[in-house]
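To keep things clear, I will list the structure first and then write my remarks on it.
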Amino acid sequence: DVFYSYELRETVDGMQGALLVGTWKPDLIILDIRMPNMNGVEFLRMLRENPNTADVKVIVASAHLSPEVLEEVEQLDVDIVLEKPVRLAKLVAAVQKLVDLKRSC
């Protein structure tokens, strides 16, 4: 059997996400556009402007993807955009595409 080991952290809003990223550099962020305190576009801009987090992989999964928002997130170098509702298999495939999950026994 193959098991994958990863650490998952979750926040309730964009501001907490920004604080968490400041202390823990993730390999991947799954981000919604509509969040309290700091929306997803603001969060992405902050992420990309910081040299320590500029290369973090990002999946945007959102039900709020107007053409204007799509243009903004594409300019901020998002790796994958998924429109909600997202099937679990599609999300898993997106994560596997972007991150080399480490095997553990």
Side-chain angles (χ1 to χ4, degrees):
D1 291 339
V2 175
F3 296 95
Y4 294 99
S5 176
Y6 56 92
E7 183 177 349
L8 176 69
R9 297 194 185 177
E10 180 180 8
T11 65
V12 297
D13 64 30
M15 191 62 69
Q16 282 190 6
L19 292 171
L20 179 61
V21 168
T23 59
W24 174 67
K25 185 180 175 191
D27 296 313
L28 171 69
I29 295 173
I30 301 172
L31 177 68
D32 199 344
I33 293 300
R34 186 171 284 177
M35 299 184 297
N37 298 322
M38 177 186 287
N39 71 39
V41 173
E42 294 166 335
F43 182 91
L44 271 170
R45 194 169 288 116
M46 179 266 329
L47 192 72
R48 295 303 185 222
E49 289 174 355
N50 182 336
N52 296 322
T53 59
D55 63 342
V56 173
K57 303 284 187 206
V58 176
I59 296 173
V60 168
S62 184
H64 307 282
L65 296 171
S66 68
E68 296 80 19
V69 168
L70 279 172
E71 184 177 334
E72 274 190 287
V73 297
E74 287 171 6
Q75 289 175 358
L76 291 167
D77 199 27
V78 169
D79 296 281
I80 296 176
V81 176
L82 301 172
E83 188 165 0
K84 286 182 180 178
V86 178
R87 291 191 168 286
L88 181 58
K90 192 170 187 175
L91 180 59
V92 169
V95 169
Q96 287 175 336
K97 178 179 179 183
L98 296 177
V99 179
D100 179 26
L101 298 175
K102 295 166 182 61
R103 286 183 175 190
S104 68
C105 297

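All residue numbers refer to positions in the sequence shown, counting from 1.
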*State, with a plain yes or no, whether a side-chain heavy atom of Val69 is found less than 4.5 Å away from one of Val60.*
no
_ILVMFWY cluster, Val73 and Met38 together (side-chain gap under 4.5 Å)_ = yes
*Do Leu19 and Val21 belong together in a cluster built from hydrophobic side chains that touch within less than 4.5 Å?*
no
*Can you tell me how far NE2 of His64 sits from CD1 of Ile33, rounded to the nearest 0.5 angstrom?*
9.5 Å
*Straight-line distance of Ile29 CD1 to Asp27 CG, nearest 0.5 Å*: 10.0 Å
*Out of curiosity, does Met35 fall in the hydrophobic cluster containing Val81 (side-chain heavy atoms, cut-off under 4.5 Å, transitive links)?*
yes
*Could you list the residues that satisfy side chain to side chain donor-acceptor pair (under 3.5 Å) with Glu10, not counting sequence neighbours?*
none
*Please identify each residue that fulfils salt bridge (Lys or Arg N to Asp or Glu O under 4.0 Å) with Lys90, with sequence neighbours left out.*
none
*Could you pull out all residues at least two apart from Thr53 that satisfy side chain to side chain donor-acceptor pair (under 3.5 Å)?*
none
*asked:* Using 0.5 Å steps for rounding, measure from the CD atom of Gln75 to the CG atom of Leu70.
replied: 11.5 Å
*Other than Val92, what residues sit in its cluster of Ile, Leu, Val, Met, Phe, Trp and Tyr side chains whose heavy atoms are under 4.5 Å apart, directly or through others?*
Leu88
Pairs under 3.5 angstrom only: tabulate donor-acceptor contacts from the side chains of residues 42-50 to other protein residues two or more places apart or in another chain.
residue: Glu42; atom: OE1; partner: Asn39; partner atom: N; Å: 2.8
residue: Arg45; atom: NH2; partner: Glu72; partner atom: OE2; Å: 3.3
residue: Arg48; atom: NE; partner: Leu76; partner atom: O; Å: 3.0
residue: Arg48; atom: NH1; partner: Ala54; partner atom: O; Å: 2.8
residue: Arg48; atom: NH1; partner: Val56; partner atom: O; Å: 2.8
residue: Arg48; atom: NH2; partner: Val56; partner atom: O; Å: 3.2
residue: Arg48; atom: NH2; partner: Asp77; partner atom: O; Å: 2.8
residue: Asn50; atom: OD1; partner: Asn52; partner atom: N; Å: 2.7

*In chain order, what residues pass the side chain to side chain donor-acceptor pair (under 3.5 Å) check against Thr23, with sequence neighbours excluded?*
none
*Contacts of Lys84 that satisfy salt bridge (Lys or Arg N to Asp or Glu O under 4.0 Å) - sequence neighbours left out*: Asp32
*Cluster companions of Leu20 among Ile, Leu, Val, Met, Phe, Trp, Tyr (side-chain spacing under 4.5 Å)*: Trp24
*asked:* Can you list everything that forms a salt bridge (Lys or Arg N to Asp or Glu O under 4.0 Å) with Arg34? Sequence neighbours excluded, please.
replied: none
*To the nearest 0.5 Å, how far apart are CD1 in Ile59 and CG in Leu82?*
6.0 Å
*Taking salt bridge (Lys or Arg N to Asp or Glu O under 4.0 Å) as the test, write out the residues that go with Asp55, two or more places apart.*
Lys25
*Interatomic distance, Ile30 atom CD1 to Leu8 atom CG [nearest 0.5 angstrom]*: 7.5 Å
*Mind checking what makes side-chain contact (heavy atoms from CB on, under 4.5 Å) contact with Gln16, not counting sequence neighbours?*
Thr11, Val12, Asp13
*Grab the two heavy atoms, one from Leu31 and one from Gly40, that are nearest each other, plus how far apart they are.*
CD2-O, 3.7 Å
_Ignoring hydrogens, what is the shortest heavy-atom contact between Val78 and Val58? Give both atom names and the distance._
CG1-O, 3.6 Å
